[in-house]
Novice: 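Could you have a look at this structure, given as structure tokens, before my questions?
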There are 2 protein chains.
Amino acid sequence: MTARKENESIKELFNKILPLSEVSFSKLKTIFNSVSIKKDEVFIKIDQKNNSEYFIETGFARSFLVNPEGEEITLSFYKSGNALSPHITRTKLNKSLLNFQALTSVELIEFDADQFLNLMIENLEIRNLGNAILLNELISKTEKEMALASLTAKERLIGFRSEFGILENLIAHPIISSYLGITNVSLSRLRNEIAKG
Amino acid sequence: MTARKENESIKELFNKILPLSEVSFSKLKTIFNSVSIKKDEVFIKIDQKNNSEYFIETGFARSFLVNPEGEEITLSFYKSGNALSPHITRTKLNKSLLNFQALTSVELIEFDADQFLNLMIENLEIRNLGNAILLNELISKTEKEMALASLTAKERLIGFRSEFGILENLIAHPIISSYLGITNVSLSRLRNEIAKG
DNA sequence: ATCACTTTTTATCATTTGTTAATGGATTAC
DNA sequence: GTAATCCATTAACAAATGATAAAAAGTGAT
């Protein structure tokens, strides 16, 4: 019963990206695993082997890189219902190009990337699901690119809040400020400024 | 003879992305067209129907959006040998999400996106080619994201020059400055500063 | 070559953001 | 409960960037 209910909620997860028939979902069901990640754990490490696709069932995660000065730069945030960047865009020669970290405790759905790809080839709905994930990834990167190019830091913070507001009270601020392209001191100033009205 | 030679150079174009066998290339050959675009022409317009994949044979192009203030924001530059963003990431319901403009006279290789997709499904090499294009797209966006988050405008200009240097003398500077996330006046200052040493 | 037009550069001043360091608040370990 | 630690906030100053406008340079047509 518990398992059944869990499958229902996982089906909902995919449906939010692209509605799937019972047949397609049952094919996916045969190849995924549930994984629990503790808060702060870096569950995908740069340059390390990785051959999975991931969906976030509950919790928040981020992707990040370390720049030449040794600072961690957050590239994207992920929340419940999001797919992580597709394996093909996230790895080169099966090694990860980025780090991914749990920002809260996280429940992940994990697929073997090759098995998922095979399902994409044989099943139109799953192919469309995969392509929708890819599209979402590029759209969110394009939106961020556009925001960085044409909005002020204050506007970008307001945009971040509308999508991930709750995170601001859960995680260290340098994680957010590096995403916004500003220092944590500037973030603190903007927070104060917005609060004053 | 001319046609033959042209095919050779087009094969070279794909080989730079991912080497193809003669068999795979001949399959591609049956579905592509060569297209000439005049300098400044916007050959893909936002919100308009588009169902093609593109490769740049010669010349330079850019993608751009118009922000709420009416300013054109350049998102990416493309040069000879580049594929444009894949159709799947560039369109929604077959309508373009971005504008694409020729910055010089441009020779394009154009594929019908559905026909290209069918070849990807039936042919492993072409599938790998398509995936390599996708990967390159994400990598270049990630690199730009990282540069905007952690480099100064001067460092970003130096990076732009190493990849597209010649463009700086061919196109209007606001096209470049919006890509770098600064005003054209700031770009002029940086140019002067770098020139002085 | 000249004129009209466009683009880049320069100048001035205002604003934003960065840097560094000190302060204050919260959390955790003991 | 207190000390130690971590993190956000604040302050003071420096540097970078923006906005506006004027000057200079470049481009194209005639």
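So that the names make sense, note that chain A is the first sequence line, chain B the second, and so on, each numbered from 1.
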Novice: Testing B:L84, B:V42, B:V106, B:I37 for side-chain contact (heavy atoms from CB on, under 4.5 Å) with B:F100, which one passes?
Specialist: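 Answer to the side-chain contact (heavy atoms from CB on, under 4.5 Å) test with B:F100 among B:L84, B:V42, B:V106, B:I37: B:L84.
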
Novice: Treating B:S80 as the side-chain partner and B:E57 as the backbone partner, does any N or O pair qualify as donor plus acceptor under 3.5 Å?
Specialist: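 It does hold such a pair.
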
Novice: Ignoring backbone atoms, test whether A:N192 places a side-chain nitrogen or oxygen under 4.0 Å from the OP1 or OP2 oxygen of D:dT10.
Specialist: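 Yes, A:N192 has a side-chain N/O under 4.0 Å of OP1/OP2 on D:dT10.
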
Novice: What are the atom names and distances for every N/O pair under 3.5 Å that joins the protein to nucleotides 15-17 of chain C?
Specialist:
| residue | atom | partner | partner atom | Å |
| --- | --- | --- | --- | --- |
| C:dT17 | OP1 | A:A153 | N | 3.4 |

Novice: Report the distance from atom CD of B:E168 to atom C1' of C:dT7, rounded to the nearest whole Å.
Specialist: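 Checked: the CD to C1' distance equals 14 Å.
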
Novice: Got a donor-acceptor contact below 3.5 angstrom from the B:N50 side chain to the B:K95 backbone?
Specialist: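 No, the answer is negative, given that no donor and acceptor are paired below the 3.5 Å cut-off.
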
Novice: B:H173 NE2 to C:dT9 C1': how many Å, rounded?
Specialist: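 B:H173 atom NE2 is separated from C:dT9 atom C1' by 11 Å.
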
Novice: Could you tell me how far apart A:R191 (CZ) and C:dG25 (C1') are, to the nearest whole angstrom?
Specialist: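 Rounding to the nearest Å, CZ of A:R191 and C1' of C:dG25 are 13 Å apart.
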
Novice: CG of A:L187 versus P of D:dT10: gap in Å, rounded?
Specialist: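 So the CG-P distance, A:L187 to D:dT10, works out to 12 Å.
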
Novice: For A:E122, check salt bridge (Lys or Arg N to Asp or Glu O under 4.0 Å) against everything at least two apart and list the hits.
Specialist: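 If we apply the salt bridge (Lys or Arg N to Asp or Glu O under 4.0 Å) test to A:E122, skipping adjacent residues, the hits are A:K27.
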
Novice: Take atom CG of A:D40 and atom P of C:dT27, then tell me their distance rounded to the nearest Å.
Specialist: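 In whole Å, C:dT27 P and A:D40 CG are 16 Å from each other.
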
Novice: Let me know the distance between CG of A:N184 and P of C:dA22, rounded to the nearest Å.
Specialist: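 Whole-Å distance recorded here is 17 Å.
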
Novice: Going by atom types alone, do A:Y179 and A:S76 pair a side-chain donor with an acceptor below 3.5 Å?
Specialist: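 No pair is found: no donor N or O on one side chain lies under 3.5 Å from an acceptor on the other.
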
Novice: Please report, rounded to the nearest Å, how far the C1' atom of D:dG26 is from the CD1 atom of B:I171.
Specialist: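 Those two atoms, CD1 and C1', are 17 Å apart.
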
Novice: Do the ring planes of A:F116 and A:F55 sit parallel (below 30°), tilted (30 to 60°) or perpendicular (above 60°)?
Specialist: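 Rings of A:F116 and A:F55: tilted, as their planes differ by 30° to 60°.
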
Novice: Which whole-number value in Å describes the distance from B:N169 CG to C:dT7 P?
Specialist: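 Answer to the nearest Å: 16 Å.
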
